[in-house]
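Take a look at the structure below.
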Amino acid sequence: MDRRKFLVGAGMGLIAAAAPISLSAAGDPIRKVAKTGRLNLSFFPYELKLRHAFNLARYSRTTTPDVQVQLEYDGVVGYGEASMPPYLGESVESVTKFLSSLDLTQFNDPFQIEDILTYVDSVAPNNRAAKASVDIALHDLLGKIMGQPWYKIWGYNAEKTPVTSFTIGIDEEKVVRQKVEEARPYKLIKVKMGLDKDQETINIIREMMPDVPICVDVNQGWNSKEHALEMCHWLNERNCLFVEQPFDKTWIDETAWLRERSPLPIIADEAFQRLPDIVRFKGVYDGINIKLMKSTGLYEAHKMVTLARALDMKVMIGCMTETSCAVTAAANLSPVVDFADLDGNLLIANDRFDGMTVENGKITLHDRPGLGIIPIPGL
Ligand code: MG
């Protein structure tokens, strides 16, 4: 088959599966799309309802504010999402204000990702979740136009997805036991720490699940170097894999001190937001927890994975409480990360999308184009 025939054939098959795009006489679907359309952005608030109250070292909540986004181009729709846990400083108001200020109709070629997202980033500082919502929708749109899922576009092997952790929050013993029961299908348990019940929680899990590896997220909750080091040794003896964000994000010297001495890797979460932070944290943390709501989306997150790996740092991909839209977006990066914490969609009761699944604890990606999600009718 010659190259031209291959492109036409491949394009037709992919487009038929993906979206109502007509082929030009030349049979070049991508160029045809780029000539005719405009990017149209729409969005609406959508409150995420949590299955259990979410208790962290510094606060508790039962809902998460969220804004659902659609980016339409020539009849093809990409989906995105901004999730705003309150501690990140964004709200439905700030996200809708930011999105209302964008004029994406100025772009008539959705493949100019660099130009489009540089513009989005330049409109206002911060607003990282709002920016991520546009980036995620753009990736979904482009993947659908190309007829391929993003993990394939990046050249990743879907067989190499990691297991995902299942999170157990800080809670009363009865609730912890109930959560451990729920966690049985998972191969990695993530435990929230930083209050006075740290050892008690680990002991309950070890009694109920003696062998499953545990990772620990302190959410900045420890305030003594010596206590943290003692806990790292104690956790190391109980099959713990790493400790996430042990101290306040401003405690750089203290974190480097702990990292020098800890038998467990120390991973940055709250301290780490954008791409330039990675270089600053080499030698302070062993690795980074990338989340799309911090990184402004997939475009920068993909660069973060590459940079962190080049610096020999561990890479974790995480999420906020989100629908399967943003969680599946992040899962497309998971074949090349060391750890995944992608259970945010499982923590909510009103997910709007069918997306990546967890089979025997392992992230399982679909072969659908774009992010690999489809909306659930009626939600
Ligand atoms: Mg964390």
Side-chain angles (χ1 to χ4, degrees), residues 48 50 52-61 64 83-90 128-129 132 162-171 179 183 186 188-195 197-198 201-202 213-223 228 231-232 235 240-252 254-255 258-259 262 264-274 277-278 281 284-295 301 304-305 308 313-322 326-327 330-331 333-334 337-348:
L48 305 179
L50 307 188
H52 299 278
F54 200 55
N55 303 321
L56 302 182
R58 296 189 171 186
Y59 71 93
S60 172
R61 66 176 197 271
T64 300
S83 169
M84 291 86 68
Y87 66 91
L88 290 179
E90 287 179 83
R128 287 184 293 271
V163 301
T164 181
S165 54
F166 183 86
T167 302
I168 295 181
I170 300 165
D171 232 311
K179 293 278 288 185
Y186 294 84
L188 178 61
I189 303 296
K190 178 167 174 170
V191 183
K192 295 290 189 180
M193 286 202 163
L195 292 181
K197 296 177 185 166
D198 289 357
T201 306
I202 296 287
I214 291 173
C215 53
V216 160
D217 188 355
V218 187
N219 291 109
Q220 312 183 77
W222 290 340
N223 49 24
M231 282 301 294
C232 286
L235 290 164
C240 179
L241 301 183
F242 63 86
V243 171
E244 196 181 323
Q245 201 64 55
F247 302 132
D248 188 279
K249 60 186 176 184
T250 61
W251 281 30
I252 303 296
E254 292 84 350
T255 306
L258 178 64
R259 177 184 170 270
S262 168
L264 296 175
I266 308 295
I267 307 289
D269 184 4
E270 286 87 340
F272 162 77
Q273 311 282 351
R274 302 286 302 262
D277 296 331
I278 298 176
F281 286 156
V284 178
Y285 292 91
D286 295 289
I288 52 165
N289 185 351
I290 299 170
K291 293 176 179 170
L292 300 186
M293 297 302 143
K294 299 192 299 178
S295 73
M304 288 173 173
V305 172
M313 292 175 78
K314 294 198 179 304
V315 179
M316 176 175 174
I317 186 96
C319 60
M320 308 299 175
T321 40
E322 298 161 355
V327 172
L333 285 166
S334 72
V337 306
D338 299 288
F339 307 111
D341 178 25
L342 294 178
D343 64 349
N345 54 335
L346 304 173
L347 304 177
I348 64 169

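Sequence positions, counted from 1, serve as the residue numbers for this chain. Whatever order the structure lists them in is the order used to number ligands and atoms, beginning at 1.
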Main-chain N/O of Asp269 paired with Gln245 side-chain donor or acceptor, under 3.5 Å: yes
Ignoring hydrogens and geometry, is there a side-chain-to-backbone donor-acceptor pair from Glu90 to Met84 under 3.5 Å? no
Sort by chain and number the protein N/O/S atoms that are closer than 2.8 Å to the Mg ion (ligand 1), and list them. Asp217 OD2, Glu244 OE2, Asp269 OD2
Applying side-chain contact (heavy atoms from CB on, under 4.5 Å) to Ile266 and Cys232, what does each step give before you reach the verdict? CA-CA 9 Å; Ile266 308 295; Cys232 286; 4.3 Å; yes
May I ask you to check whether over 12 heavy atoms, not counting those of Lys314, lie within 6.0 Å of atom NZ? no
Counterpart residues, side chain to side chain contact (heavy atoms under 4.5 Å, CB included), relative to Lys190 (two or more places apart): Ser165, Thr167, Lys192, Cys215, Asp217, Glu244, Asn289, Met316, Asp341
For Leu48, does its backbone N or O pair with a side-chain atom of Thr64 as donor and acceptor, under 3.5 Å? no
